[in-house]
Amino acid sequence: MGGGSTPPRAGRDVLEKLRAWGYRLADDHPVVALTVRLVQEAAADGGRRVSVHLADTGDDRQAAVMVLSHGGAEAPEEDGVLAELVALGAVSVGTESNRDDGGRRRWAVVGL
């Protein structure tokens, strides 16, 4: 989304993109905190860069936020992170690692 983004900036960018797509969301919508937490975890992997991807499902008013850490994710994912994402408002969460480049994908689906 934004280049050189901090976690809070990434959260705001995702919120603004969803608003641009026509969703009326409050400044404190859970998608902001979820994005911040996903980006923090990806940055903690120690990789070369982090990227944020966003998709909406349209009719059922949900958005998926996926954050990729590009390299550096050698430690196994801790279950506490996924539970924390659910506590922040996600209806579905997941993670997977790429053995080829050491990157990790984390995602959260949230109602809009």
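Residue numbers count from 1 along this sequence. Values in this document were obtained by computation on a predicted structure and should not be read as measured data.
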How far apart are the closest heavy atoms of [X] and [Y], and which atoms are they?
{"X": "Gly89", "Y": "Pro30", "result": "CA-CB, 4.4 Å"}
{"X": "Asp45", "Y": "Ser69", "result": "OD2-OG, 2.7 Å"}
{"X": "Val39", "Y": "Ala10", "result": "CG2-CB, 3.9 Å"}
{"X": "Val109", "Y": "Ala64", "result": "CG2-CB, 4.1 Å"}

Do [X] and [Y] sit in the same hydrophobic cluster, where Ile, Leu, Val, Met, Phe, Trp and Tyr count as joined when their side-chain heavy atoms come under 4.5 Å apart?
{"X": "Val86", "Y": "Val91", "value": "no"}
{"X": "Trp21", "Y": "Val110", "value": "yes"}
{"X": "Met66", "Y": "Tyr23", "value": "no"}
{"X": "Trp107", "Y": "Val36", "value": "no"}
{"X": "Leu15", "Y": "Val50", "value": "yes"}

Check your understanding: Can a salt bridge be assigned to the pair Asp13 and Arg9 using a cut-off of 4.0 Å between side-chain N and carboxylate O?
Key -> yes

How far does [atom1] of [X] sit from [atom2] of [Y], to the nearest 0.5 angstrom?
{"X": "Asp56", "Y": "Gln62", "atom1": "CG", "atom2": "CD", "answer": "10.5 Å"}
{"X": "Arg106", "Y": "Gln40", "atom1": "CZ", "atom2": "CD", "answer": "11.0 Å"}
{"X": "Arg105", "Y": "Leu38", "atom1": "CZ", "atom2": "CG", "answer": "14.0 Å"}
{"X": "Thr35", "Y": "Leu85", "atom1": "OG1", "atom2": "CG", "answer": "10.0 Å"}

Point to revise | Within-4.5 Å side-chain heavy-atom neighbours: Val31 and Leu18 | key: yes

Practice item. For the residue pair Val52 and Leu54, establish whether any side-chain heavy-atom pair is separated by less than 4.5 Å. Key: no

Check your understanding: Taking Arg61 for the side chain and Leu112 for the main chain, is one N or O donor matched with an acceptor at less than 3.5 Å?
Key -> yes

Exercise for review: With sequence neighbours excluded, give me every salt bridge (Lys or Arg N to Asp or Glu O under 4.0 Å) pair touching residues 22-37.
Suggested key: Arg19-Asp27, Arg37-Glu41, Arg37-Glu84

